[in-house]
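Have a look at the structure below before the remarks.
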Amino acid sequence: QVQLVESGGGLVQPGGSLRLSCAASGSFRSINAMGWYRQAPGKERELVATISTGGSTNYADSVKGRFTISRDNAKNTVSLEMNSLKSEDPAVYYCNAWIVIITAPYGMSYWGKGTLVTVSS
């Protein structure tokens with residue numbers, strides 16, 4: 001069984017920083033793209049950033065220049081460094097990964113349970 005577990009959320013003041021981490025565990029053959037999404041109250045889940053196996057990244061316009069996504073393929077982890085946090089950034093942040101499990105020939109999308117980020121003075 002594959003699991004994605006996020007950590008690092010919390011309360012931060014405007015302009016502050018947080019680092020989110022996500023670790024994949026279980027039985028799988030490989031992990032393809034990984035990413036972070038967020039969902040604020042009353043809004044749809046939206047993409048924050050993605051990163052390919054090779055390290056190519058993609059960011060939502062709203063976080064470009066402030067957030068940095070990275071991954072450690074050896075440890076099956078993905079991280080999101082969030083700087084200059086704004087009042088529009090609070091949300092539940094979800095880790096996502098396309099994982100090829102041992103019993104399947106193709107990848108499937110897996111989600112973590114989410115970690116809450118609050119920005120408030």
Side-chain angles (χ1 to χ4, degrees):
Q1 184 176 359
V2 175
Q3 281 190 316
L4 296 176
V5 179
E6 302 101 334
S7 61
L11 172 64
V12 64
Q13 292 185 343
S17 299
L18 276 177
R19 182 179 177 87
L20 306 182
S21 295
C22 172
S25 62
S27 298
F28 49 85
R29 288 192 284 159
S30 62
I31 301 177
N32 298 330
M34 303 184 82
W36 290 93
Y37 291 71
R38 67 186 181 186
Q39 187 168 19
K43 295 187 177 181
E44 294 186 353
R45 190 173 299 187
E46 63 177 3
L47 178 147
V48 176
T50 62
I51 185 168
S52 70
T53 305
S56 296
T57 58
N58 179 52
Y59 294 94
D61 288 343
S62 59
V63 306
K64 282 181 181 177
R66 300 189 297 123
F67 291 10
T68 302
I69 189 171
S70 61
R71 66 188 287 172
D72 186 327
N73 291 330
K75 296 182 179 179
N76 298 320
T77 59
V78 61
S79 298
L80 185 70
E81 185 74 33
M82 304 185 295
N83 298 314
S84 303
L85 283 160
K86 301 179 179 180
S87 58
E88 56 261 40
D89 293 320
V92 177
Y93 283 70
Y94 296 92
C95 175
N96 174 262
W98 282 87
I99 297 176
V100 183
I101 62 175
I102 292 176
T103 56
Y106 48 83
M108 296 190 297
S109 179
Y110 289 84
W111 293 91
K113 293 183 178 180
T115 184
L116 180 63
V117 172
T118 304
V119 180
S120 176
S121 55

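For reference, positions follow the sequence shown, starting with 1.
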| field | Closest non-hydrogen atom pair between S21 and S79, with its separation | value | OG-OG, 3.5 Å
| request: Please answer: with hydrophobic residues joined when any side-chain heavy atoms are less than 4.5 Å apart, are F28 and M108 in the same cluster? | output: yes
| Side-chain heavy atoms of T115 within contact of S7, under 4.5 Å | no
| request: Over all heavy atoms of both residues, which pair between I31 and A97 is shortest? Give the atoms and the distance, please. | output: CG2-CB, 4.1 Å
| field | Main-chain N/O of F67 paired with N83 side-chain donor or acceptor, under 3.5 Å | value | no
| said: Distance check, rounded to the nearest 0.5 Å: N58 atom CG versus I69 atom CD1? | reply: 9.0 Å
| Between the main-chain N or O of V100 and the side-chain N or O of R29, is there a donor-acceptor pair closer than 3.5 Å? | no
| Can you find a pair of side-chain heavy atoms, one from S70 and one from E81, that are under 4.5 Å apart? | no
| said: Within the structure provided, determine whether D89 and R66 are in side-chain contact (heavy-atom separation under 4.5 Å). | reply: yes
| Do any pairs count as a disulfide (SG to SG under 2.5 Å) and have a residue in residues 14-68, sequence neighbours left out, and if so which ones? | C22-C95
| field | Pairwise distance OH(Y106) to CH2(W98) - rounded to 0.5 angstrom | value | 10.5 Å
| field | Y93 OH to L18 CG distance, which is reported to the nearest 0.5 Å | value | 9.0 Å
| task | Locate the shortest heavy-atom distance separating A49 from L80; write the atom from each residue and the value. | result | CB-CD1, 4.3 Å
| If you measure only the distance, is there a donor-acceptor pair under 3.5 Å linking the side chains of N73 and T53? | no
| request: Might you point out which heavy atoms bring S121 and P14 nearest each other, and give the distance in Å? | output: N-CD, 3.7 Å
| query | For the side chain of R71 and the backbone of S52, is there at least one donor-acceptor N/O pair under 3.5 Å apart? | reply | yes
| message | Is it the case that the side chain of E6 and the backbone of K113 share a donor-acceptor pair, with hydrogens and angles ignored and the cut-off at 3.5 Å? | response | yes
| field | Distance, nearest 0.5 Å, that separates OG1 of T118 from CG of L11 | value | 6.0 Å
| request: Determine, using the 4.5 Å side-chain heavy-atom cutoff (strictly less than), whether V92 and M34 are members of one ILVMFWY cluster. | output: no
| Parallel under 30°, tilted from 30 to 60°, perpendicular over 60°: which one fits the rings of W111 and Y94? | perpendicular
| message | Is any side-chain heavy atom of S17 closer than 4.5 Å to one of V12? | response | no
| remark: The reported gap from CD1 in I99 to OG in S27 (rounded to nearest 0.5 angstrom) is 11.0 Å
| query | Would you say the side chain of Y37 lies within less than 4.5 Å of the side chain of T50, judging by non-hydrogen atoms? | reply | yes
| message | Salt bridge or not between K64 and D61? Use side-chain N to carboxylate O under 4.0 Å. | response | yes
| query | After noting the C-alpha distance and the side-chain angles of N76 and S25, does the key distance pass the side-chain hydrogen bond (donor to acceptor under 3.5 Å, both in side chains) rule? | reply | CA-CA 8 Å; N76 298 320; S25 62; over 6 Å; no
| said: Quick check: do M82 and V117 have side-chain heavy atoms less than 4.5 Å from each other? | reply: yes
| said: Could you measure the distance from the CG atom of L47 to the CH2 atom of W36? Nearest 0.5 Å is fine. | reply: 12.5 Å
| field | Q1, CD: over 12 other non-hydrogen atoms inside 6.0 angstrom | value | no
| note | So salt bridge (charged side-chain N to carboxylate O under 4.0 Å, His left out) across residues 42-51, not counting sequence neighbours, yields R38-E46
